[in-house]
Every structure is written in C-alpha cells, then in structure tokens.
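Predicted model only: the values in this text are computed from it and were never measured. Naming convention: chains lettered A, B, ... in sequence-line order (proteins, then strands); numbering from 1 in each chain.
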Amino acid sequence: MIDPIILFFILGLLAGLLRSELKLPPAIYELLSILLLLAIGLKGGVELAKQPFLELLPQMLAVLVMGFTLPILVYPVLLYVGRFKRADAASIAAHYGSVSVGTFAVAVSYLAARNIFYEPHMPVFVVLLEMPAILVGILLAKGISRDTRWGLVAHEVLLGKGIVLLAGGLIIGWIVGPEGITSIKPLFIDLFKGVLALFLLEMGIITAGQMGSLKRYGLFLVAFGIITPVIFGMIGALLGMFFGMSEGGMTIMATLAASASYIAVPAAMRLSVPEANPSLSLTASLGITFPFNIVLGVPLYHTYAQYLLSLA
Amino acid sequence: MIDPIILFFILGLLAGLLRSELKLPPAIYELLSILLLLAIGLKGGVELAKQPFLELLPQMLAVLVMGFTLPILVYPVLLYVGRFKRADAASIAAHYGSVSVGTFAVAVSYLAARNIFYEPHMPVFVVLLEMPAILVGILLAKGISRDTRWGLVAHEVLLGKGIVLLAGGLIIGWIVGPEGITSIKPLFIDLFKGVLALFLLEMGIITAGQMGSLKRYGLFLVAFGIITPVIFGMIGALLGMFFGMSEGGMTIMATLAASASYIAVPAAMRLSVPEANPSLSLTASLGITFPFNIVLGVPLYHTYAQYLLSLA
Amino acid sequence: MIDPIILFFILGLLAGLLRSELKLPPAIYELLSILLLLAIGLKGGVELAKQPFLELLPQMLAVLVMGFTLPILVYPVLLYVGRFKRADAASIAAHYGSVSVGTFAVAVSYLAARNIFYEPHMPVFVVLLEMPAILVGILLAKGISRDTRWGLVAHEVLLGKGIVLLAGGLIIGWIVGPEGITSIKPLFIDLFKGVLALFLLEMGIITAGQMGSLKRYGLFLVAFGIITPVIFGMIGALLGMFFGMSEGGMTIMATLAASASYIAVPAAMRLSVPEANPSLSLTASLGITFPFNIVLGVPLYHTYAQYLLSLA
Amino acid sequence: MEDKSNIYKLMTIITEAAVENEVLNDLVKLGAKGYTSVDARGLGHHGVRSAAWGMSANVRIEVMDTEENVRKMAAAMKERYYRNYAMLIFLHDVEVVPHDDLDGVWD
Amino acid sequence: MEDKSNIYKLMTIITEAAVENEVLNDLVKLGAKGYTSVDARGLGHHGVRSAAWGMSANVRIEVMDTEENVRKMAAAMKERYYRNYAMLIFLHDVEVVPHDDLDGVWD
Amino acid sequence: MEDKSNIYKLMTIITEAAVENEVLNDLVKLGAKGYTSVDARGLGHHGVRSAAWGMSANVRIEVMDTEENVRKMAAAMKERYYRNYAMLIFLHDVEVVPHDDLDGVWD
Ligand SMILES: Nc1ncnc2c1ncn2[C@@H]1O[C@H](COP(=O)(O)O)[C@@H](O)[C@H]1O
Ligand SMILES: Nc1ncnc2c1ncn2[C@@H]1O[C@H](COP(=O)(O)O)[C@@H](O)[C@H]1O
Ligand SMILES: Nc1ncnc2c1ncn2[C@@H]1O[C@H](COP(=O)(O)O)[C@@H](O)[C@H]1O
Ligand code: NA
Ligand code: NA
Ligand code: NA
C-alpha cells in the first residue's frame, strides 16, 4: 500500500526536475508549515494531558542527551573523511543532530495508515531535539568563543517559528485536553494529511532545486546523506527499545534520530556560524536525506523496530 | 473551561511581545479574515431565511440608532478629559461606535461552547453597526464641511471589504437557505473555529505590535480602552433586554456595543479624517480593548445578561 | 434551486463592477486553483482505477480530434467575419478549442447538486483537451514556421501548472485508488465546493476587470463569445451521445467543448504567438464566455443532453 | 553614448497602502501615463510599518515622466499627503529605452 | 569620495510576469552575472496590470553590469520584447560597493 | 530647478531574507532614520535564490540618508556581511522632496 502523500512529494520532485513552472507561493508554504507545526503540537499536547508528566522526565532527558551526542558523532567524519572546513563540518553536524518535522509527520502518517500504535507524546521529543544540536554546532564551529552572541542564539533557538508553534500547540493541547480540541479539530486534525500532501508537493519542488547542487559537492555528501540516517535510525530505535517503547514508538524514535533539520538549524547557523556554506548543509539534509527518509527511510526504520523487538 | 481560541490569541501575543520571528504572511491574514466574514454572513443569512424579515425592522432601527449614539457619548470625554485634538477624539469615538467582527466571532464561539442559544440574526446587526459610527466620526471631526467628499466616504463605507463580504454572505445564505449551504459547509462552517484560532494567533502578534505605543499615549488611553467597553457593554445588554432577547442574544448585543472596530473604521478615517493619528485609535481599539474584550469582556457581558435577566 | 457557488461569482462580479476594494491576494488565488486542479485530478484518477483503461481509448482519441477541430472551425469566422489579424484570430481560436477547468468544476457541481450521474473519467478529457488547441493555434498563427521553438512550446504545454496538477492528481488517484484517498479526502474532496465558491468569488472580480475592455472591442466579440459556446456545446453533447454517454456525461462533454481556456492557453500564446493581443482573447473567454457558461451555459447544455436523449 | 533626449525623471513614492488607490488616481488625474507599484514595509518618522496587516502596510510607487510633469506631481503629492500620511518621495534621472514607433510618447 | 571605477549601470525592466523566465534566461545568455526580481503591478500603454492573477501580473527586474553590457542587454530586450509585450526599461548609474577580493568581478 | 540641498544618497541593499532583521537592526544602530524593505528573489555569486522558501528568499532594502551617513553604513554592511552572505549594495543620488516643517530632518 503506497501512501498518497509520498506520491505528492514525487510529483513535486518530478515537476521540479523537469523544470515545470509549477510552484506554490511562499505565503502558502508558510501557511502549510504553520498548520503542520500547530497540528503536531496540539495532538501531542492533548495526549500529554492524559498521562503523568513526571514519568516522561527520564525519557526526555535521554532524548536531550541524544540531541547533544548525535552531532558530535558525525563531526569528525565530516572534518577528516569529508575534509570540510571546520565551520561547514560543524554546521552539517548540527543539521543531522536536529530533526525534520516534515519527516516526523510522514512517519506518523505511515504508522496511522497501518494502524500501528505509537506513544503519543512524541511531539515533545521533536521540540526537545530541535535545540541541543544547534548549541553543539555553534560550539564545534567556534569553541567557547567570546564572539558568540549567546543571547541572540538563545532568542533564535527558543523563539524561532518552529519551537513557538510546536511548543505553543503542545501547551494549548495540554491545557484544553481532548474535549477542548473538538471545535478546532476539523482544521488542525482532519485536514492534517491533506495539508501534509500539499506541503510535500512543495517540498518536492524545493528538493529538486537543491539537487542541482549535488554534483558540485560530489559523492561524499551523497554517501553521508544516506549512511548517516541509516545509522542514526538504529541509534534512535535502540533508545526507544531501551525505554520499552512500542513498535510504533521505536519507529518514530528512529525517524527522529535519522532525520535532519532544514528549517530551524539552517536559520540559526546562518546567523551564528555565517562562514558555513548553507548550500552544503541544505544539499545534504534537503537534497539527499529528506527524500531518502520519506521514501525509503521510514519503512526501513519500521523494520529496525520489528527486528529489534523480534530479538527481545 | 477555557476556549482554545483564546489561548491561540495569547500565544500570538506572547510571541509578539517576546519578539519571536513568528508571523503569518499578509496574504494569509487576508484569507482568514475573508473566510470569517463570509462564514458569519452565511450563517446569519441562513437563519434570516427562516424568519419573517419585517419583524426585525424595529430592532434593526434601534441598533442603527445605537450606532449613531455611542460615538457621541464618548466624544466629549475624549475631547475634554483626554484632551485629544478634535480629529483624534472624533476618530477614536468612531472606532468605539462601530464593531469588531473578530470580537463578535469570539462571543459566538463562547456561547456555542456553552450551548447557549442566541438570536441567529445577529450578523445583520454587525453589518448595520459598521457604518453609522463612521459617518458620525467624520461629522464630529469636520462638521458639515463642504470639504468632505461624501461620495468617496459612501463608497469606502458601503463597498469596503468587510461590508461586501458580510452582506454578500448574508444575502447568499438568505437566498440558498439551510439546504443550499450544505455543500459549502465544510469550508465555511466546519472550519470556522480553526480559522478563528489562526486568525486570533495573528491578531495576538498584531496586538503585541500595537502595545509598543501604549506607554507613549499614557494612562488615559488605557483607562478609556477598558472603561468604555465595560459601560457600552451594559448599554448593549440593556437594549437586548428591551427587545426581549435571550441570554445569549443579550451577551452578543453587549459584545457588539463594547467592541471597537480595527478594520473598517481605521481605513475610512485614514481617508476622510487624515489629520487624525491612526496610531492613537489603533492602540486603543487593538492594543487595549480587543484583548480586554476577548479575554475578560465576553464573560463579563455574559454575566451582565444573566444579572439583568435575574432582575426581570 | 440556485447553486451558492454561482452567487459567489455574482458577488465578486458586482464587487468588481462597483469598484469595491475587495480582492483576494494573488497567493490565495494560486492556492485555490491548485486545490481545484488537484481535486479534479484525484477524483478522476480514483474512478479510472475502477475501470479498464483500454475501453476509454476510442473516446480519448475522439476527444483529441475534437480538440484539434474546434479551433479550426472558428478561425475563419474570426478572420473573415471578425476581421481580426491572423495572430489574434489564431489565438482566440486556440482559447475556444481548449477548456476552462473552472467551468468544468461548475458543471460537475451542477450535476452533483441534482444527483445526476456522469461518467467519472471526465477529468481525463480535461487533460487531453488542454493541449491540442494550443498546437493548432500556433500553426494557424505562424504556419509550419522554422521560427517556432517547438521545444519551448512542448515544455510550456506539457509542464504548465494546469497539466502537471491535473495529470499528477489523476495518476496519484489512479495509483492509490478509493481506499488510499480517504486520508486526504477532507482537504481535497470535502472542501471542494467551498474552495470552488471562493475561487468563483475571485473569478467574478477578475471577470469584472476584463469587462472593462468590452466596449473597446465591440459587438462582434460579445456575439462570438456567446454564440460559439452555444454551438460548440451542441457538438460536445453530440459526441457524448455518439459514445452512448449518460445525460450527465453529455452535459459535461458539452461544457468542455463550450468552455474557453483562460489559464493554459493565454500563457502559451503569450510566449509562442506574442503578436496576438492577449486582452482581446481574454476579454472574450473570461469577460464573456466564462460568465455566460457558468450562469446560463451549463443549464443550457443540460437541456441539450436531455433533448438529444429524448430523440434517441 | 547616452542619449540626452531619453532622459526622464523617475519619482519614487513610498507611502501607506491605505491610500494607494487615492494616490494612483491623483497621479493619473495629474497626467501620469504609467506607474508601477510594489508591496513594501518600512520605518520612518511615522514609526515601524511592518505590513503584518492592511493598516501597517506600505506601497512603493514609481512614476516615470518628463521632469516638468514629475515636479508638478511631486508638488501635488507633497501638498496633499505629506502632512498627514507616512510618505517619502524622491526623484532621480533615468535614461529610458524608447519605443521607436512611439517617439515622444512620454512627453 | 566617489570612486569612479565602481560606477556601473543599473537596468530596470518592468514587464509581464508571463515572460519573466524567458527574460531572465535571455539576460543570463547575454552575460548577466546577476539579477533581482520583485513582484509588481502597474499601468502603462498596455493598460492596467493589476496582478490579481497570473496574466495581469508584472515583474520588476534589476540588472547591474558595466555600461557596455547593460546597453547590449537593453538593446536585445528592446528588440525581442518591446513590440509585443508590456515592457518599460530604464537605466541609471549606480556606485557599487565592491567585493575587495572579487575585484573587477562585474566587468 | 534642482535644489542641491535636497540631494541625498540612496543605498540599496539586496541580501538574504534570513538576515533581514539583523541588517535592519544594524542600520538603525548606525543612525538610519528610516528604511524600506521589499521581498525579492535573484541570482548572483551565491547562485539562484528563488524565494520558494525562507532560506532561499532575498530582501531589497533601501535607506536614504546623507552621503556621509550612507557611506558609513555601507562600509559597516560590507565589513559585516559581504564575506559570508549573499549581498549586493549600490548607491546613487536622489533628490528628496522635503518636509518643509521638518527641515534638515535627514541630516
Ligand atoms: N530614510 C529613509 N530611507 C528609506 N525609506 C524611508 C526613509 N524614511 C522613510 N522611508 C519610507 O517611507 C515610509 C514613510 O515614511 P515616514 O513618513 O517618514 O514615516 C516609511 O515607512 C519607509 O518605508
Ligand atoms: N510612466 C511609467 N512610470 C512607471 N511605470 C511605468 C510607466 N509606464 C509603464 N510602466 C510600467 O511598465 C509596465 C509596462 O508598460 P507598458 O508597456 O507601457 O504597458 C506597466 O504595467 C507599468 O508597470
Ligand atoms: N549583477 C546583479 N544585478 C542585479 N542584482 C544582483 C546582481 N548580483 C547580485 N544581485 C542580487 O544580489 C543578491 C546577492 O548577490 P550575490 O551575493 O552576488 O549572490 C542576488 O541574489 C541578487 O538578487
Ligand atoms: Na537527527
Ligand atoms: Na462598539
Ligand atoms: Na472549448
């Protein structure tokens, strides 16, 4: 069974690669991503309202640690194998330590289509994972430099569009609970998959644009963009298993680890590590890892979860 | 029970006050307000179709009279207590004599969430109240001056976006009736609360921007922006009681009287009373009265209605 | 029973003619047309999945032949009766040989409101009809000239927004089938009529703008813009009858033949036949034929179908 | 290389979107044969105009015409709008690429 | 204060959005190293272009280059588009703030 | 006809939307009394910037001020942004239509 939203992505990709005139106005791209972020937050918040928050604390800590660790794992590879400049290696590492909300949404939709349960507090982890990698990236690039305007960084990270909408949605969902959400369900919940389909159509077009730079950066980046999620996915799945998560939960944990940011991190790096070439990290995260993840990665991470559970 | 839409407003307000980069593209703000205006009109029109129009005439006349009277009540206060220039006093008075469709929508949603009935022809009153205050405002500012290009004023007032969409929706709903509306219900009716939530998110951001000017204009404006709706709300509730309206209807009448315009009136004043400082009236209506009304005012006007009915 | 979407069109038309300030942002117009094109494609594709594709081939061929023939029928009229320049005659002919997706959507909605069945593969014909008239138009304007950059034409025609979204939607719907579409139904199917209503509101405004040029081009264009669809509609209905279509199918075939393009063809003509005056063809197709078709034409084509079937 | 006879004045008006239609109507009444408008936002003596919504949006209008006509329009704009509206006007020379068959079309 | 060696020509092309891609491709083929586009609406000999929808939208394109290159491009644009499209082109001098390490990069 | 005392410099900065706020803050810190921003897309040494999404969008900023102030700001912009960001800056003279009651307001 093939998910229509993936086909929307492929339609956009083909349109972009064939240089069709098709494009979504920037304002619509904004609207779609706002709707997705709020919807994910709201859904997560409503679920959070149902369970004791304290029980989640250990998992939340572990996820934070993962967010700090992942970029450190790939940084030396980028520096010594990829031979990137320090700033570029640090910036790419930050992208891969963080998460892609679009990829998360695809994984959620993949599980929903198969009626596979997953722990509903996952959106909390999305919020948590957005941030640590950015701090690590800046530290890797600059050391503990006096130059870094940490106030600005904190502002950028904590008050960026993604965090505000995700966390805002979470809190609103958490306050009003399942009942309270009913009246806004038609927009935020019922339309979710359709909005995701349109969003992926546009992401396909954008990805096609990014692929133009592929040949310029060569084979290493392609390999990196595929191997990293394959490995990180296993790390995420293992962490999920460690916390006794369900098959669906492990699949999502794997997807979070495997996905690479293309919104919050590039914006933060552009301001804080300006000497890093944004085209390099976006080609990797958006031109390679994003399409890999939504087409092949998510099913792969699902088999990770099934395999690990079969071992247990 | 807290309404999620109010939380969206607060989220936007906080994001704005903390200078988050979150913002909705202007085109989306336009789309949301168009959807709201049409939806309110359509709903009202469908209800109008069910009842004899003539019976409403006395109420409509009374509402028009209220629209002409309210600005005259506050004008001397603004002029002599607030010590504003004549043009500014007239312009602010016009804002408070007119209505805010966003506030009306919040009141409707407040009643719906509590399953409180209200007379369904209220949108007619919204249309009627948009206009008289503008005329009074211009007259207060200029007297019966030959300068005033009344043709332009009439055009601006009668053919402004708000009136065209509200009145257009009313008429369409009235013509096609409850059956005819079914096919477009999913967009205009089912999504209403979600659209209102997004709209209030953006209104929060805009309000935060407006609050920056608060300190410049001082305490009088703050006091005026809170006391006026508290008093006008009672006038509206009393008028509703006079016409034997239900608890919900009185609440809405109070809300209409208490709310201040931030779309039709500022646009009209900008063209017809250019010497009035738009920042002054918007700071009052948008920076003070709007947030006051949707967070505290509507519940207060509900207690007005309950109290008055308990007296009767 | 009057369809509310027609009233939205009339509201837009009146607003435009009365020079109201009402307008939809260009980005919203884009969004609405993207949603309509995808929805029409998806619905058609889902239906295609249910029936053997090969059986449709003869009909598809016939429709293509119709697309090549219609412009040739009107070209001499435009040239000799209308006394237009060759390029203008060719360009107008191309507009009328092609189709208007908005008109198609109105016909579909007309039939749905009356519970009249129609052959569900009609969107395939919409895709097929978009193209031939463009080729004929260029050939009529330029002959088989070496000048014509056919590569560019092919690109423009095959990869224009309309075709990509319609054909893309068709293929996606065809692949995932009725089950697969369920998750995205709320956006693309349930909202369809509402989206169409908003789209027609904007089309009303645009049409009003185009009507300004009416008097400049005189009576011939008005007559042409009304008589052509009346005749072409009969041709379409007859073709539908020849293939043994249902009453609804014949109505749609008539509508397709009778409608004139205002998106794909003008864009293609602008690039390939630049010496044709775009205002001329748009005044005809958008200022005359489009409003005629959606208000009077579609019901007329329905009577064509009923009449022809009563003969059989 | 520069052809003096093709030198015209370009007037740029940055003002509130709320008066765009009024301004454009005035310009046409004053004889403008064309204009170009673009959505804008900005900062000036009237504070930040963020374009988040209609009342805070700016528009950037360009009018190209002969120096004489442009000065006449600029003076009229100044008189009518400068006092009460957020507005900035500046002028500079541009060399227009002419329509040969439309010679003197902008005079 | 002004450094003559940094004076370049800025060409502004206002034309139909329908031909934006064509125009930009042509400019690049003619050697433009950069351009900037902005959505616009306007009035001219071809009537009101309100940008309400694709066919009535304008675009405002700027190209900065040496005078020689700009004149070459302007002449090509004029030849190819002026007759049949809504288009206005004007030129003026600008002083470019140079990239020191990219000296002569726009020559 | 031209009044020399109303000649100011207009600086146009075309750069990445990602740094719009930073740039505007810097300009105000450097003493700019106003600016105008417009959404843009373009091509330059940093490749195509299509504005399809945030990271690929440009912004076109104008600042009008005295020559001295503008040169100071241009130098600061160049130092801070030219190396690492897509940015093009150019300057030219404009004759500003002055507020009579605000004489010398831009000095
Ligand atoms: N010094 C300046 N440089 C560039 N644009 C300006 C300047 N001053 C004003 N503007 C623009 O003109 C608009 C109106 O200016 P003002 O009337 O000074 O508020 C502002 O919102 C800006 O968009
Ligand atoms: N005199 C003018 N001043 C400013 N912009 C103009 C002028 N004439 C034409 N334009 C712009 O150039 C476009 C095409 O011009 P035209 O070919 O004359 O219709 C118009 O839609 C306007 O945006
Ligand atoms: N020669 C040029 N003419 C017009 N705009 C340019 C030119 N070069 C650069 N730009 C604009 O400035 C932006 C940044 O330039 P760059 O740093 O060269 O990539 C580009 O995206 C264009 O919008
Ligand atoms: Na990751
Ligand atoms: Na009021
Ligand atoms: Na046709």
Requested in this report: For the pair E:Arg41 and D:Asp39, evaluate side-chain contact (heavy atoms from CB on, under 4.5 Å) and give the outcome as yes or no after the intermediate values.
Outcome: CA-CA 9 Å; E:Arg41 48 197 180 276; D:Asp39 292 327; 3.0 Å; yes
Query raised in the report: Can you list the steps and then say if E:Met11 with D:Glu95 is a side-chain contact (heavy atoms from CB on, under 4.5 Å)?
Result: CA-CA 9 Å; E:Met11 165 168 64; D:Glu95 177 192 347; over 6 Å; no
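Of the listed residues (D:Thr36, D:Val63, D:Val28), just one forms a side chain to side chain contact (heavy atoms under 4.5 Å, CB included) with E:Leu43, and that residue is D:Val28.
When every heavy atom of D:Val97 is checked against every heavy atom of E:Tyr82, the shortest pair comes out as O-OH, 2.6 Å. Of all non-hydrogen atoms in E:Phe90 and D:Val94, the two that sit nearest each other are CD1-CG1, 3.6 Å.
Distance check: E:His45 NE2 to D:His99 NE2 gives 6.5 Å after rounding to the nearest 0.5 Å. Taking CG from E:Leu88 and NZ from D:Lys33, the interatomic distance works out to 12.5 Å, rounded to the nearest 0.5 Å. In this structure, the separation between CG on E:Leu91 and CG on D:Asp93 is 12.5 Å, given to the nearest 0.5 Å.
Side-chain contact check for D:His92 versus E:His92: some heavy-atom pair is nearer than 4.5 Å.
Heavy-atom distances place no part of D:Ile61 under 4.5 Å from chain E, backbone and side chain included.
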